[in-house]
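These numbers come from the heavy atoms of this one structure, side chains and all, not from hydrogens, waters or symmetry mates. So you know, we letter chains A, B, ... as the sequences are listed, proteins then strands, and number each from 1. Because the structure is predicted, anything quoted here is derived from the model rather than measured.
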Amino acid sequence: MASSRQVAEMSDNAKAFDSRMIAPALLDWYDRHARDLPWRTGPEALRNGVRPDPYRVWLSEVMLQQTTVAAVKSYYRRFTVTWPTVESLAAAADDDVMAAWAGLGYYSRARNLIAAARKVAEASGFPGNAEGLRALPGVGEYTSNAIAAIAYGEAVPVVDGNVERVVSRLLALAEPVKSAKSLIRETVAAMTPLDRPGDFAQAMMDLGATICTPKRPACVLCPINDRCTAFLAGPDPATLPVKAPKKERPSRLAAAFVAERATDGAVLLVRRPPSGLLGGMAGPYVTEFSSKKDGATGEGAAPFSADWVDCGTAEHGFTHFLLTLEVMWAQTPHGADLPPGAFWCPRERLAGEALPTVMRKAIAAAIPDAFNSGKI
DNA sequence: CAGCCGTGGAA
DNA sequence: TTTCCAAGGCT
C-alpha cells in the first residue's frame, strides 16, 4: 500500500505535471509513426474529411477488449467481409456469429455484439455520443469513449490499459492504477485536445504498444520523454505501474466424451448454456470442472454407456484456472441415450462450428484428423 | 467490488 | 519452459 508520504509525492507530481504539453508532441509523433491497422482511417484521410464508420470502430474496439491486435486482425477482416454493415450483422443467425467468433475468447462479447447490433439496427443507427454508446451491451466506459472520440471527434477521455501505463509513468504514480483511476481519467481528460481527440487516443495507445511497453520501455525513442516524471526523476519507468500481487491459478479437472458416429464419422456436440464459461458455444459433452482432487472423471461420468477409450489428457489455460481434460472417445452405440440438446455435427462442418479452442483440443485428442477432413 | 470470463504470442 | 498479459465489461 502507498504511504501517506508517497501519496503526497504522487499528488505533487500530478499537480506539477502540465497535461496540455503532451498532445502536440504526441500527435506530431503519431503523424509520422501511426500503425496501419485494418480498422483505422488514416490521419491523411481524416484531413480530407473522411469520417470513420462507427460500425467498424465499434466492432474493432469490442474485438480488441483484452485481445491483441495480432489476434484481432483476421477476425475483423472476416466479420467485415461477411457483415459489412451493422444491419447485416443484426440480421445474422446467432450461431453464425458465434462460429465466426470461435477462438477469439471472451464469448460474452459475441453475445453482446449480436444484441447491440440488433438494438442499433432497431434504432436506425448508432447513438451519436459517448453517453448513448455506453448503453449498448458490451460497451463500457472505455469502449464508448473510444468510439465517440474516434468516430465522432468527441473530446472524451479514452483510458485503456496502455493509457493507464503511460500516465502512471508520466506522473510517476506510486499507487496501483486501480486506486488512481480517477486521477488518471482526469489527467487524460486534461491532456485530450479538442481538435483531434480520436487521433490523440490512438496515439496514446500506439505509444503504449510500441514504445511505452510493459517490460522494457524504449524511453530513448519516446516523443514525450522530456515530460515524463518517471524517466526524468525515477523510479525506473519499467517498474510502473505498481501492480497488485497476483493470485495463483488453481487447477481443475474434467472429462470430455467425444462420441463419433460409426456410419459417417460425425461428432456429437452439445450447445453450452448461454452464460458462464464458454457460454453459447458448442463442444463435446464435458463434465463439470471440479477441483483436482475430487474430479469425477473416468467412464462413470460418461453421458451414456459405450466402449469409451481413454485418449489421454488435453491441457488448457483459462484466465483464472488451469484445466486438465481427460479425453474419452467412443463410437456411437446402438440406441444411445443422447444428452439433452445434443446434435450430430458432420465431419466437414466441424471446422466451421462455434467451437472454442479448448473444445477443439479435446476433439483433436480423440480424433486427430477431425479438423483436416474436407480439406485437400 | 473482487471475481469471472479465453486465447495465443512475446519475453 | 514458464510467465505474463492485450484497445474491458459485467455482476
Side-chain angles (χ1 to χ4, degrees), chain A residues 34-35 37-40 52 56-76 98 101-113 115-116 133-151 157-166 176-179 181 185 188 198 200-210 212-218 238 241 243-250 252 272-281 283 289 314-323 354-361:
Chain A
R35 288 179 292 174
L37 302 173
W39 45 87
R40 272 191 183 168
R56 294 186 172 233
V57 176
W58 162 71
L59 178 62
S60 68
E61 289 300 341
V62 171
M63 286 184 167
L64 287 162
Q65 289 167 2
Q66 296 290 287
T67 308
T68 59
V69 165
V72 164
K73 281 183 178 176
S74 64
Y75 284 85
Y76 174 82
M98 300 309 287
W101 196 278
L104 198 55
Y106 286 136
Y107 298 101
S108 67
R109 292 184 296 172
R111 287 253 164 246
N112 286 330
L113 195 79
L133 291 163
R134 177 72 177 76
L136 296 174
V139 177
E141 182 177 341
Y142 161 76
T143 303
S144 64
N145 287 4
I147 298 169
I150 295 169
V158 177
V159 183
D160 74 329
N162 285 306
V163 176
E164 288 176 345
R165 182 172 61 257
V166 170
V177 285
K178 178 160 290 186
S179 53
K181 194 173 181 63
R185 189 196 304 109
V188 173
F200 177 75
Q202 293 177 95
M204 287 286 279
M205 292 187 277
D206 275 18
L207 187 74
T210 64
C212 197
T213 53
K215 291 177 181 175
R216 300 189 62 178
K243 293 177 183 64
K246 38 199 170 267
K247 303 153 190 171
E248 63 179 278
R249 289 193 294 180
R252 296 187 187 282
R272 300 177 62 81
S275 62
L277 187 70
L278 309 177
M281 303 298 283
F289 304 156
E315 308 278 340
H316 189 76
F318 289 95
T319 303
H320 53 294
F321 66 93
L322 298 171
L323 178 66
L355 293 169
T357 298
V358 61
M359 298 304 179
R360 289 176 192 258
K361 285 183 184 177

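The pair A:Asp160-A:Arg165 fails the salt-bridge criterion, with no side-chain N (NZ, NE, NH1 or NH2) lying under 4.0 Å from an Asp/Glu carboxylate O.
When the P atom is compared between B:dG6 and C:dT11, the two are found 14 Å apart, to the nearest whole Å.
A:Arg252 forms no cation-pi arrangement with A:Phe289, by the criterion of a distance under 6.0 Å to the ring centre and an angle within 45° of the ring axis.
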Filtered N/O pairs between nucleotides 9-11 of chain C and protein, under 3.5 Å:
{"from": "C:dG9", "atom 1": "OP1", "to": "A:Gly140", "atom 2": "N", "distance (Å)": "2.9"}
{"from": "C:dG9", "atom 1": "OP1", "to": "A:Thr143", "atom 2": "N", "distance (Å)": "2.9"}
{"from": "C:dG9", "atom 1": "OP1", "to": "A:Thr143", "atom 2": "OG1", "distance (Å)": "2.5"}
{"from": "C:dG9", "atom 1": "OP2", "to": "A:Tyr142", "atom 2": "N", "distance (Å)": "3.3"}
{"from": "C:dC10", "atom 1": "OP1", "to": "A:Gly138", "atom 2": "N", "distance (Å)": "2.7"}

Dump the pairs, protein N or O against N or O of nucleotides 7-11 of chain B, anything under 3.5 Å, distances to one decimal.
{"from": "B:dT7", "atom 1": "OP1", "to": "A:Tyr107", "atom 2": "OH", "distance (Å)": "2.8"}
{"from": "B:dT7", "atom 1": "OP1", "to": "A:Thr357", "atom 2": "N", "distance (Å)": "2.7"}
{"from": "B:dT7", "atom 1": "OP2", "to": "A:His316", "atom 2": "NE2", "distance (Å)": "2.5"}
{"from": "B:dT7", "atom 1": "O3'", "to": "A:Gly103", "atom 2": "O", "distance (Å)": "3.4"}
{"from": "B:dT7", "atom 1": "O3'", "to": "A:Thr357", "atom 2": "OG1", "distance (Å)": "3.4"}
{"from": "B:dG8", "atom 1": "OP1", "to": "A:Thr357", "atom 2": "OG1", "distance (Å)": "3.3"}

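Crowding of A:Lys181 atom NZ: a count of heavy atoms from other residues, nucleotides or ligands under 6.0 Å not exceeding 12.
Scored by the side-chain contact (heavy atoms from CB on, under 4.5 Å) test, A:Arg249 finds A:Leu322 as partners (sequence neighbours excluded). In terms of the side-chain contact (heavy atoms from CB on, under 4.5 Å) criterion, residue partners of A:Ala238 (sequence neighbours excluded) are, by chain and number, A:Pro217, A:Asp236. Shown here are the side-chain hydrogen bond (donor to acceptor under 3.5 Å, both in side chains) partners of A:Glu141, two or more places apart in sequence or in another chain: A:Arg185.
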Starting at the 5' end of DNA chain B, what dot-bracket string do you get if Watson-Crick and G-U pairs under 3.5 Å are bracketed, crossing pairs use [ ], other-strand pairs use | and unpaired bases use dots?
.||||.|||||
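The nearest whole Å value for the distance from the NZ atom in A:Lys73 to the P atom in C:dA6 is 18 Å. Going from atom CZ of A:Arg360 over to atom P of B:dG6 covers 15 Å, rounded to whole Å.
For B:dC4, the OP1/OP2 oxygens have no side-chain nitrogen or oxygen of A:His320 closer than 4.0 Å.
For the side chain to side chain contact (heavy atoms under 4.5 Å, CB included) criterion with A:Val166, the lone passing option out of A:Leu207, A:Val159, A:Val188 is A:Leu207.
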